[in-house]
There are 2 protein chains.
Amino acid sequence: MAPVIPEDIQKEIEKKGGLRKILNSLPSRKELERKAKIHSALGDPLRLKILCFLGIQSSCVCLLRDIANISYSKLSYHLSILKNSNLIEGKKRGNYVIYSLTPQGMRYYEELCKKE
Amino acid sequence: MAPVIPEDIQKEIEKKGGLRKILNSLPSRKELERKAKIHSALGDPLRLKILCFLGIQSSCVCLLRDIANISYSKLSYHLSILKNSNLIEGKKRGNYVIYSLTPQGMRYYEELCKKE
DNA sequence: AAAGTATTTCAAATTTTTTTGAAGTAATTG
DNA sequence: CAATTACTTCAAAAAAATTTGAAATACTTT
């Protein structure tokens with residue numbers, strides 16, 4: 001039993017082919033979850049800053065730590081979130097791990113970190 | 001005392017005008033916080049779904065409730081998050097409140113809800 | 001191989017976000 | 001004006017995210 005909704009809205013919905021049709025056109029649950037996860041990762045100022053920095057310059061963890069001025073373990077945690085959302089990736093090189101943006105990370109970098 | 005970082009990265013930074021210059025080009029703290037807040041609001045599948053739906057069709061709360069199949073109070077909470085991030089707005093009309101996207105909400109709708 | 005550096009992992013503590021259900025508000029109808 | 005509808009607010013409980021500091025790992029240098 002669908003709720004009683006305002007008439008004009010009901011009509012607009014019918015003009016668009018009905019509620020069912022609108023609902024079917026929405027992104028799938030999986031898609032919504034994937035995007036939510038990425039946005040959740042971007043939902044923190046420090047992580048955004050890291051994304052913006054890596055967009056300009058790939059970096060070892062030690063430099064990021066110095067810039068953010070937080071503990072290694074805290075930073076590792078935030079890097080793992082960005083990594084798990086496929087925004088950054090780390091490559092081991094000798095003693096260091098060098099982080100850089102993934103192609104997906106670059107897309108968000110362009111969109112998020114350049115002025116506007 | 002800056003950390004010891006890999007030589008090649010050091011050189012890349014110098015080529016770009018030095019670390020200071022790179023850091024100055026990043027978005028300000030305020031900007032980062034503002035964007036983080038928006039992305040945080042988008043970091044939930046239900047809220048994304050609401051955004052996507054409202055992009056197609058403005059709606060009273062009762063219809064959204066029916067679609068999401070959750071309690072009013074839970075829905076109100078999520079709507080308040082979207083509202084506080086300036087993605088949606090509600091207008092009282094008689095007994096109903098009709099929610100729709102703000103201009104900012106529409107930008108995110110275009111970017112987030114259309115296929116890809 | 002011992003010692004040092006860079007980084008990650010872990011578990012416990014803390015903080016924040018989300019959920020729940022009851023109560024409240026505001027407009028509408030009988 | 002009492003009852004109903006549509007919605008929001010509130011405070012407590014529950015769940016999830018973040019922080020902390022110590023320990024572990026993995027190279028590198030000595």
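By convention in this document, chain letters (A, B, ...) are assigned in the order of the sequence lines, proteins followed by strands, and residues within each chain are numbered from 1.
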- Query: How long is the gap from CG on N86(A) to CG on L101(A), to the nearest 0.5 Å?
  - Reply: 12.0 Å

- Task: First locate atom CD1 of I88(A), then atom CG of L82(A), and finally report the distance between them rounded to the nearest 0.5 Å.
- Result: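 Here the interatomic distance stands at 4.5 Å.
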
Separation of [X] atom [atom1] from [N] atom [atom2], in whole Å?
X	N	atom1	atom2	answer
D66(A)	dT5(C)	CG	P	16 Å
K92(A)	dT7(C)	NZ	C1'	7 Å
L82(A)	dT7(C)	CG	P	16 Å
R93(A)	dC27(D)	CZ	C1'	14 Å
E33(A)	dA16(D)	CD	P	13 Å

- Message: Please classify the nucleic acid contact of Y96(A) as base, sugar-phosphate, or nothing, using heavy-atom distances under 4.0 Å.
- Response: sugar-phosphate

Enumerate all atom pairs, one protein N or O and one N or O from nucleotides 14-21 of chain C, separated by less than 3.5 Å.
| unit_1 | atom_1 | unit_2 | atom_2 | d |
| --- | --- | --- | --- | --- |
| dT18(C) | OP1 | R47(B) | NH2 | 3.4 |
| dT18(C) | OP2 | Y77(B) | OH | 2.6 |
| dT18(C) | O5' | Y77(B) | OH | 3.4 |
| dT19(C) | OP2 | H78(B) | NE2 | 2.5 |
| dG21(C) | N7 | S73(B) | OG | 3.3 |
| dG21(C) | O6 | S73(B) | OG | 3.2 |

- Message: Apply side chain to side chain contact (heavy atoms under 4.5 Å, CB included) to residues L32(A) and D44(B) and explain how you reach the verdict.
- Response: CA-CA 8 Å; L32(A) 290 171; D44(B) 175 282; over 6 Å; no

- Determine: side-chain N/O of Y99(B) to OP1/OP2 of dT8(D), distance under 4.0 Å, yes or no.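 Y99(B) to dT8(D) OP1/OP2: side-chain N or O found under 4.0 Å.
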
- Would you call the rings of H39(A) and H39(B) parallel, tilted or perpendicular, where under 30° means parallel and over 60° means perpendicular? parallel

- Query: With a 4.0 Å cut-off, would you call R34(A) and E31(A) a salt bridge?
  - Reply: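 A salt bridge links R34(A) with E31(A).
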
- Passing candidate, salt bridge (charged side-chain N to carboxylate O under 4.0 Å, His left out) with E33(A), options R29(A), K30(A), K37(A), K35(A):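 The passing option is R29(A).
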
- Query: Considering only dT8(D), dT7(C), dC7(D), which nucleotide approaches the side chain of C62(B) most closely?
  - Reply: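 Nearest nucleotide to the side chain: dC7(D).
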
- Message: Can you tell me whether the side chain of N95(A) and the base of dT28(D) have a donor-acceptor pair closer than 3.5 Å?
- Response: no

